[in-house]
Amino acid sequence: MKKKRLQHQANVICEMFCGWRLEEDCQILLELGKGKLDCDILSQKAFCDGVASELQIVKAIYQWLQADWLQNGFDQQLLREVRLSVDFQVAKQQNIYKQEVVHFIINCKSEIRLNDHVYIAFLSKDFDRVLPALVSRSFTSAIQCTRKTKQVGVDPTLYICFTGIYRPGSAGNEDAEYMMHQINHCIDSEHPQFIIVDLRELVYTWGNAITQAFRIRSLKQQPFVVLISEKSQALDSDFIKELAGCSFYLDEQTALDVLK
């Protein structure tokens, strides 16, 4: 495994802790309020100021690392330890929309320690998370989302694939919201280096709200392209491209050339 991949994994550990999966541990962290977490990722154990805490995010990080090591052929016998330390403050408050949210102030440090080298990453974030009761809302959209990872050259590329019919006009607003939710979910779960939003099996005729799905911050922070077909070719207009802030490609190889 290349050194840059191990550094990427160290970065992802911090990013995952601050991602959507942290919502599963909101209640525990609210009860703790503030403190210092010391997490042994390989044993999936976490301690807050020396007291054991059961955190789902630690298990999620371990599972992601296991999958990534397997995919990249990494010999885990080279590992000495993988640790995550977090200074945190958590409090419940209302945002500007009068929603009840959990406010986090997080300072992370991750270490992947081998026999001959240590890969370290730092991340500081100040952010809100809507309480899980609100996060679990259901969508009426008939669109389906799947994801897959392909090895393109030396780098894995995440394909976020949408199928079904995007409802025209304002009827498609919830379809667009669903797409935004799924893109965020996929990125937070996989932490890819490259992304293809694949709309080749999505039927689209018109509606501006869909462009919001391509402007979300988590997507803009990564190299990404959007694939379309005759079913979704109506997206390939100057007006939609200007609103979306991106281009659309009918040919997969052209899209990959632009991406890499």
Distance only, no hydrogens: is a donor on one side chain within 3.5 Å (strictly under) of an acceptor on the other, for Ser85 and Asp38? no
Between Glu230 and Arg200, does any side-chain N to carboxylate O distance fall below 4.0 Å? no
So is Lys231 actually on top of Tyr204's ring, under 6.0 Å and inside 45° of the axis? no
Do Glu15 and Asn11 get their side chains close enough for a donor-acceptor pair, meaning under 3.5 Å? no
Check: Phe214 ring centre within less than 6.0 Å of Phe248 ring centre: yes
Classify the side-chain pair Gln9/Trp64 by whether it contains a donor and acceptor separated by less than 3.5 Å. no
Sequence neighbours excluded and cut-off under 3.5 Å, please list the side-chain donor-acceptor pairs for residues 240-247, or say none.
| residue | atom | partner | partner atom | Å |
| --- | --- | --- | --- | --- |
| Lys241 | NZ | Asp236 | OD1 | 3.4 |

Short side-chain donor-acceptor distance under 3.5 Å, Arg5 and Gln71: no
Quick test of your reading of the model: are Lys59 and Glu54 salt-bridged, counting only N-O distances below 4.0 Å? yes
Taking atom types as modelled, find out whether Glu177 and Gln212 have a side-chain donor-acceptor pair closer than 3.5 angstrom. no
Between Val90 and the options Asp25, Leu29, Ile28, the side chain to side chain contact (heavy atoms under 4.5 Å, CB included) test singles out Leu29
Verdict with reasoning, Ile13 to Glu111, per side chain to side chain contact (heavy atoms under 4.5 Å, CB included): CA-CA 9 Å; Ile13 291 172; Glu111 296 183 15; over 6 Å; no
Audit row: Asp175, Arg167, salt bridge (charged side-chain N to carboxylate O under 4.0 Å, His left out) steps and yes/no: CA-CA 7 Å; Asp175 294 333; Arg167 290 169 289 189; 2.8 Å; yes
Could you tell me whether the side chain of Gln182 reaches within less than 4.5 Å of the side chain of Ile160, counting heavy atoms only? no
Consider only side-chain N and O atoms of Asp68 and His8, and report whether a donor and an acceptor are under 3.5 Å apart. no
Lys148 to Tyr159 six-membered ring, cation-pi geometry met (6.0 Å, 45°): yes
In this structure, CZ of Phe162 is separated from CD1 of Ile183 (nearest 0.5 Å) by 4.5 Å
Can Glu81 and Arg113 be said to form a salt bridge (charged side-chain N to carboxylate O under 4.0 Å, His left out), step by step? CA-CA 5 Å; Glu81 62 179 355; Arg113 189 175 295 273; 3.4 Å; yes
Side-chain H-bond candidate by donor/acceptor type, Glu174 with Tyr178, under 3.5 Å: no
For Asp238, look at atom CG and say whether over 12 heavy atoms of other residues, nucleotides or ligands are found less than 6.0 Å away. no
